[in-house]
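Throughout, a chain's letter reflects where its sequence line sits, starting with A, and its residues are numbered from 1. Fair warning: this is a prediction, and the values are worked out from it, not measured in the lab.
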Amino acid sequence: MTSDPVLVVEDLTMHYATRAGPVRAVDGVSFSVERGQSLGLVGESGCGKSSIAMTLLKLLPDNARLVSGSITLNGVDVVPLSENQMREHRWDRISMVFQAAMNSLDPVYRVGDQIIEALEAHSASAPRDAMERVRELFDLVSLDPSYIRRYPHEYSGGMRQRAIIAMALACEPDIIVADEPTTALDVIVQDHILREMQAIQRALNMSMIYISHDMAVIAEVCDVVGVMYAGKLVEFGPTAEVYARPIHPYTKALMSAFPSVRGEKHDLATLPGEPPDLLDPPSGCAFHPRCAYATDECRTSIPPTAKHGDQWATCWNPVADVDSE
Amino acid sequence: MAKYLLKRSAQILVTLFVFLTLVFFIVNAQPGDVSNFYALNPDVPPETRERLQDLFGVNEPLWKQYLVHIRNTFTGNFGVSFSHYPRSVADVIMERLPRTVVLFMTATALSFYLGFALGKVLAWRRGGWFEYTSTVGGVTLYTVFTPWFGLMMIWLFAFKAGWLPIGKFLDPVLWREAPIDANTVFNQMILTAFVVSIVVFAVFVITGQRRMGNARITRIASIVLASLAVVGVWFSSGTAVYAWDIVRHMVLPVVTLTLISFAGTMLLTRNSMLETMREDFVMAARAKGLTERAVRDKHVARNALLPVVTSFIFSLAFAVDGGVITESIFSWPGMGQTLVSATLTEDLPLAVGAFVFVGIFVLVAHLVADILYAYLDPRIRY
């Protein structure tokens, strides 16, 4: 596979300034997404998944500081861009499917008009063309065109999510960040929408980043997966391999905490303890207080990121035996 | 919607009936009647006073007077004013009401426009000298003792600077030779304002719907052209100088009323905006690559508008009673002054009539608020 990265993130660090000191929400994260590839980011609540999503679009609250790193979108580093320059990239090159689909549509405007608004912000197309585009998009996400002129409150939860996806596709972005796109939906609708998103992504050869705490969702739709812990990417690799042979103890703990339908039955293991306080992360490897394999080395020094076959992991004591380089 | 309107109208009738009853008995609870006014007048002997009482029907039993009052009100007959005899109550109110409505509606509209515009900016840029000065300044004006502030404004701008007339509705010296009476001019002014606002509103609606790129230019042009047309028409009719005199008399009360009330709207808008800004659709609007201005005006302000509109409609409703204090300070012959003098002269029909007009206006304003709400928020359907 030839390398054609749409998005390259290098050493991204983002802090929230609080009265008690900086909260290290994203801490030295690096990854890249190829064209047409889908990347999954998993982790517990508060591990910095959503912060990464917001950082990629540079939609940060006032107290957030982009400390270091680069976000290269289609060859352009967007970190130094001004707000006005960034605005042209948003939605046009990188769009987003929000966590709270229920509330991501403005209740006082018709859904069609909200999509047209996004189109008009990025191209001076005639109103008729914009309407035509909205019809195409509704068709793409299997929404009835009669709903173009309806208001968000007239939509069901699943329909709203489809509308949000249609909106994200409006400007044909290179990459879509989907932050917990289906968490609020029931399982059946969730499954439908995930399959459709995957089909659309393949048909349009787009890249996707799925952010979820649900290992099953990631397993279903992602080519590569990144596991996050305490604002850091602790393991990264092709989904099949990471799931089959987790290297980082945290990934292994996550894997054994969710049931497999086809695999042999075993009691689900719960991971003891709480995710660390990002104001004051533990010394050394942030996972060591909850890690069954922790050694003195883990407590004192931060482990390096090492390659294990096709996978990368940040750990002193990898739990799977893959040839390290 | 039709069913809802019908239901609401029935409710309004019931409320109006209760209101009429209350007003009648409260106003009649004050001792004495119109003949007391002549009690110390040696030219009016007791027999004449008794005839006066018979003539105005104030000697009838109260329940009979009440039934007459209810019947008359529902047939649109508010009786004869005792103090403006032989003018009818409706005639007096029809002269005074437009003056109050125009003065207070202008002030209320300005105050809400200013408050909303400032509140928007305040919510958007928290911290800094702008927020500090407008909040402190606005709240100071909001809480200041109104009569004192009114008098200070008159002292400063009318007495010391001499830019504006000290009070009253018009300048009697100018009008002595006028070929036309003040009410006619004033009604023409209202008509002009009404036509102009309809035209400008229509232009705004049309440009808004067609999503024209140069909507701003068209809108400004429509306002400029309408203003030029107004000036042209008034000057060619030769009454412009009289209309201008009335406008000049309106300036001080309008500015004073605006200054003492805008802070309420400003803080309401600010809080409503801050609440709306936390919504996810605001983040989504930003993510879509909209300009900050578009996010603020099209999404946040539009959603934050609802509570402000409610407050606006209710302020308008209460504007009709004309702020007794403000009208007294500026000697503005409107509803407030009418109410005070009617009460002081025991002119019960006029007092009751004035109250009834205010009541009807408030009830209608509530209905308008409900309808407007359904228009502003598509989630509300009746």
Is Phe281(B) close to Pro107(A) at the side-chain level, that is, under 4.5 Å between some pair of heavy atoms?
yes
Just how far is it from atom CD of Glu120(A) to atom CG of Leu290(B), taken to the nearest 0.5 Å?
10.5 Å
Tyr373(B) atom OH, neighbour heavy-atom count above 12 within 6.0 Å
yes
In terms of heavy-atom pairs under 4.5 Å with chain B, which of Glu154(A), Met96(A), Arg90(A), Arg87(A) leads?
Arg87(A)
To the nearest 0.5 Å, what is the distance between CD (Glu279(B)) and CG (Leu105(A))?
12.0 Å
Leu57(A), part contacting chain B, at a heavy-atom distance under 4.5 Å
side chain
Closest non-hydrogen atom pair between Ser104(A) and Ala284(B), with its separation:
O-CB, 3.5 Å
Interatomic distance, NZ@Lys288(B) vs OG@Ser95(A), rounded to 0.5 Å, equals 11.5 Å
Test item: Tyr151(A) side-chain N/O and Asp377(B) main-chain N/O as donor-acceptor pair under 3.5 Å:
no
Please tell me whether Glu117(A) and His299(B) have a donor and an acceptor in their side chains that are separated by less than 3.5 angstrom.
yes
Answer yes or no: does atom OH of Tyr4(B) have more than 12 heavy-atom neighbours from other residues, nucleotides or ligands under 6.0 Å?
yes
Most heavy-atom pairs under 4.5 Å with chain A, out of Ala285(B), Ala287(B), Ala294(B), belong to Ala287(B)
Got more than 12 heavy atoms from elsewhere within 6.0 Å of CG, Asp186(A)?
yes
Non-hydrogen atoms of chain B under 4.5 Å away: do they reach the side chain of Met54(A), the backbone, both or neither?
side chain
Determine, stepwise, if the pair Asn303(B) / Val108(A) fulfils side-chain contact (heavy atoms from CB on, under 4.5 Å).
CA-CA 7 Å; Asn303(B) 276 277; Val108(A) 304; 3.4 Å; yes
Tell me the closest heavy-atom pair linking Ala121(A) and Gly289(B), and the distance in Å.
CB-O, 4.1 Å
Met283(B) CE to Asn103(A) CG distance, which is reported to the nearest 0.5 Å
13.0 Å
Which atoms of Arg302(B) are under 4.5 Å from chain A, going by heavy atoms: the side chain, the backbone, both sets, or neither?
side chain
Under 4.5 Å from any heavy atom of chain B, what part of Gln114(A) do you find: side chain, backbone, both or neither?
both
Test your reading of the model: is there a side-chain donor-acceptor pair from His153(A) to the backbone of Ile380(B), 3.5 Å cut-off?
no
Measure the spacing between CG of Asp106(A) and CG of Asp280(B) and express it to the nearest 0.5 Å.
11.5 Å
